[in-house]
Trainee: 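The structure is given below, and queries will be raised subsequently.
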2 protein chains.
Amino acid sequence: MEKKETAKERILRVADELFYREGVRAVGIDRIIHESGVAKASFYRSFATKDELVAAYLELRRLQFLGNIEHARKEHPESKLEQLLFLMDYLAERMKRPTYRGCSFMNTIVEFPEPTHPNHAKALESRSDIWDEVTLLAEEAGLPNPRDLSEQIRMLWSGAAMVAYINKDDFKPELFSVAAKTLINSHRVAAV
Amino acid sequence: MEKKETAKERILRVADELFYREGVRAVGIDRIIHESGVAKASFYRSFATKDELVAAYLELRRLQFLGNIEHARKEHPESKLEQLLFLMDYLAERMKRPTYRGCSFMNTIVEFPEPTHPNHAKALESRSDIWDEVTLLAEEAGLPNPRDLSEQIRMLWSGAAMVAYINKDDFKPELFSVAAKTLINSHRVAAV
DNA sequence: AATAATATAGACAGACCTGTCTCTTCCTTT
DNA sequence: AAAGGAAGAGACAGGTCTGTCTATATTATT
């Protein structure tokens with residue numbers, strides 16, 4: 001038997017959708033409460049503050065992204081390089097989805113520019129976590145300068161996320177994955 | 001004799017600095033008024049609304065950026081390709097400055113996610129203007145797929161701007177310019 | 001069936017921000 | 001020197017948002 005969704009889970013699901021689609025600042029508590037069909041008091045029993053809900057939203061996105069990397073690893077267990085290449089295609093595919101609205105961490109960081117703000121700090125930390133994982137992939141692939149390559153991919157991917165969000169109609173996923181592979185290849189050639 | 005700065009110019013200068021450094025939403029009218037040493041009534045005589053001031057700020061940034069491209073053109077009048085390559089180095093140099101806080105257009109777009117909001121629309125338009133100019137440069141350089149290349153550079157540069165803003169300490173400008181040149185080169189090789 | 005615990009609905013306080021308005025001061029022009 | 005116009009200082013209204021609190025309804029337990 002399916003376990004029924006708890007109030008807390010429902011709130012988080014609604015918040016995740018609204019925060020991601022319309023932005024954290026643009027979506028008020030009242031809206032989340034209304035759309036998740038819960039009373040204000042009940043909301044504040046699950047999450048002490050809005051920021052706490054934002055932290056839960058960011059954590060959800062972090063775990064989701066780590067899941068994507070895990071997926072790429074399982075898809076090509078034989079070759080680390082293939083894992084990295086597959087991840088690029090996979091990211092490209094995700095970015096072309098109609099519901100794609102950019103990187104939740106970058107968006108949150110820009111929405112809360114003050115580095116000491118908990119939302120900013122949490123988003124920054126989550127972004128770093130993810131990037132450590134990609135760097136590890138580049139290291140395992142035995143590429144000569146994994147950190148430099150990882151940094152270049154981070155730039156390219158961060159920008160692709162922004163373009164796919166901001167200039168949705170112009171975004172061509174294959175241009176991203178081709179560019180990513182060009183950068184990866186340039187490091188392989190350099191090794192020889 | 002030096003013409004004295006008008007109140008309107010002073011307000012815009014202060015706004016430009018604060019909006020860019022701390023974000024548009026984070027900086028209130030009262031703060032700008034206070035720091036530019038002007039009265040509220042005087043402020044509203046120069047700019048009817050805050051959004052009008054934001055539009056002036058974005059316009060200033062647009063003109064400034066077009067000036068950078070113009071600078072690259074004048075630096076290498078003989079070769080369009082050199083202009084493009086020089087621009088990459090020039091952008092990298094700008095992004096490593098301590099005052100660099102990312103792309104004002106991207107930041108503003110993320111701060112005002114609603115596409116119909118005047119600030120969002122103006123920032124989007126300014127960003128397109130700039131990018132048309134870079135695409136033109138790629139076309140003039142005689143590269144085989146100028147639009148595709150321009151799009152890849154846009155991704156890379158947009159991401160570099162975000163990384164240079166968000167992860168300032170990690171940002172290495174030469175990794176950006178090398179990556180940009182790798183992408184440009186990949187199109188030249190493809191042409192042969 | 002009665003009582004205890006929990007959820008709902010929504011009023012309300014407090015903070016913050018934009019834009020208007022008033023009052024006073026200062027500067028310029030005649 | 002006097003008068004008129006512009007600028008400064010800041011109160012105030014109206015809006016929005018978060019988080020608290022009260023009163024009513026519903027569910028669960030014994």
Side-chain angles (χ1 to χ4, degrees), chain A residues 1 3-58 107-108 110-114 116-122, chain B residues 1 3-16 18-19 21-58 107-108 110-114 116-122:
Chain A
M1 173 191 167
K3 201 158 136 214
K4 207 168 144 215
E5 196 182 36
T6 67
K8 188 166 182 172
E9 286 163 349
R10 192 167 64 253
I11 292 166
L12 182 54
R13 183 172 50 75
V14 168
D16 176 73
E17 192 178 315
L18 292 178
F19 283 161
Y20 185 63
R21 197 172 62 212
E22 303 183 22
V24 172
R25 298 196 93 115
V27 175
I29 286 297
D30 285 350
R31 175 107 178 275
I32 290 166
I33 284 163
H34 193 255
E35 295 208 14
S36 56
V38 88
K40 213 162 192 180
S42 306
F43 170 82
Y44 278 103
R45 220 170 292 124
S46 295
F47 300 95
T49 63
K50 179 181 177 179
D51 286 352
E52 208 169 274
L53 175 61
V54 174
Y57 153 67
L58 293 170
N107 292 350
T108 302
V110 175
E111 282 201 275
F112 297 87
E114 184 60 55
T116 58
H117 193 292
N119 296 349
H120 183 112
K122 171 67 183 169
Chain B
M1 173 190 170
K3 201 158 135 214
K4 207 169 145 215
E5 195 182 36
T6 67
K8 188 166 182 171
E9 287 163 349
R10 192 167 65 253
I11 292 166
L12 182 54
R13 183 172 49 76
V14 168
D16 176 72
L18 292 178
F19 283 160
R21 196 172 63 213
E22 304 184 22
V24 172
R25 298 197 91 115
V27 176
I29 287 297
D30 285 350
R31 176 108 177 273
I32 290 166
I33 283 164
H34 193 255
E35 296 208 13
S36 55
V38 90
K40 214 161 193 180
S42 307
F43 169 82
Y44 279 103
R45 219 171 292 124
S46 295
F47 300 95
T49 61
K50 179 181 178 179
D51 287 352
E52 209 169 273
L53 175 61
V54 175
Y57 154 67
L58 293 170
N107 293 350
T108 303
V110 175
E111 282 201 274
F112 297 87
E114 184 60 55
T116 58
H117 193 291
N119 297 349
H120 182 112
K122 171 69 182 168

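Since the model is a prediction, treat every value here as computed from it, not as a measurement. Chain identifiers are assigned alphabetically (A, B, ...) following the order of the sequence lines, protein sequences preceding nucleic acid strands; residue numbering begins at 1 within each chain.
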Trainee: Could you list the donor-acceptor pairs under 3.5 angstrom formed between side-chain atoms of residues 27-38 of chain A and any protein atom two or more places apart in sequence or on another chain?
Mentor:
unit_1	atom_1	unit_2	atom_2	d
Asp30(A)	OD1	Lys40(A)	NZ	3.0
Arg31(A)	NE	Glu35(A)	OE2	3.0
Arg31(A)	NH1	Glu22(A)	OE1	3.0
Arg31(A)	NH2	Glu22(A)	OE2	2.9
Ser36(A)	OG	Ile32(A)	O	2.6

Trainee: If we check side chain to side chain contact (heavy atoms under 4.5 Å, CB included) with Ser46(A), which of these qualifies: Arg10(A), Glu9(A), Lys8(A), Glu52(A)?
Mentor: Lys8(A)
Trainee: Taking only residues two or more places apart in sequence, or in another chain, which ones meet Glu17(A) in a salt bridge (charged side-chain N to carboxylate O under 4.0 Å, His left out)?
Mentor: Arg21(A)
Trainee: Working to the nearest 0.5 angstrom, can you tell me the gap between Ile11(A) CD1 and Asp16(A) CG?
Mentor: 13.5 Å
Trainee: The criterion is salt bridge (charged side-chain N to carboxylate O under 4.0 Å, His left out); which residues satisfy it with Lys122(B), sequence neighbours excluded?
Mentor: Glu59(B)
Trainee: Can you tell me how far CZ of Arg25(A) sits from OG1 of Thr108(A), rounded to the nearest 0.5 angstrom?
Mentor: 11.0 Å
Trainee: First and last nucleotide of DNA chain D in contact with chain A, 5' to 3', at under 4.0 Å to a heavy atom: what are they?
Mentor: dT18(D) to dT20(D)
Trainee: Output all residues satisfying salt bridge (charged side-chain N to carboxylate O under 4.0 Å, His left out) with Arg45(B), sequence neighbours left out; order by chain, then residue number.
Mentor: none
Trainee: Between residues 33-45 of chain B and DNA chain D, which residues have a heavy-atom gap below 4.0 Å?
Mentor: Gly37(B), Val38(B), Ala39(B), Lys40(B), Ser42(B), Arg45(B)
Trainee: Sequence neighbours left out, what passes salt bridge (charged side-chain N to carboxylate O under 4.0 Å, His left out) with Arg13(B)? Give chain and number order.
Mentor: Glu5(B)
Trainee: Tell me, please, which residues at least two apart from Lys50(B) pass side chain to side chain donor-acceptor pair (under 3.5 Å).
Mentor: none
Trainee: With sequence neighbours excluded, tell me which residues meet ring-ring contact (aromatic ring centres under 6.0 Å, His included) with His117(B).
Mentor: Phe112(B)
Trainee: Does any residue of residues 13-31 of chain A have a heavy atom under 4.0 Å from DNA chain D, and if so, which ones, in number order?
Mentor: Gly28(A), Ile29(A), Asp30(A)
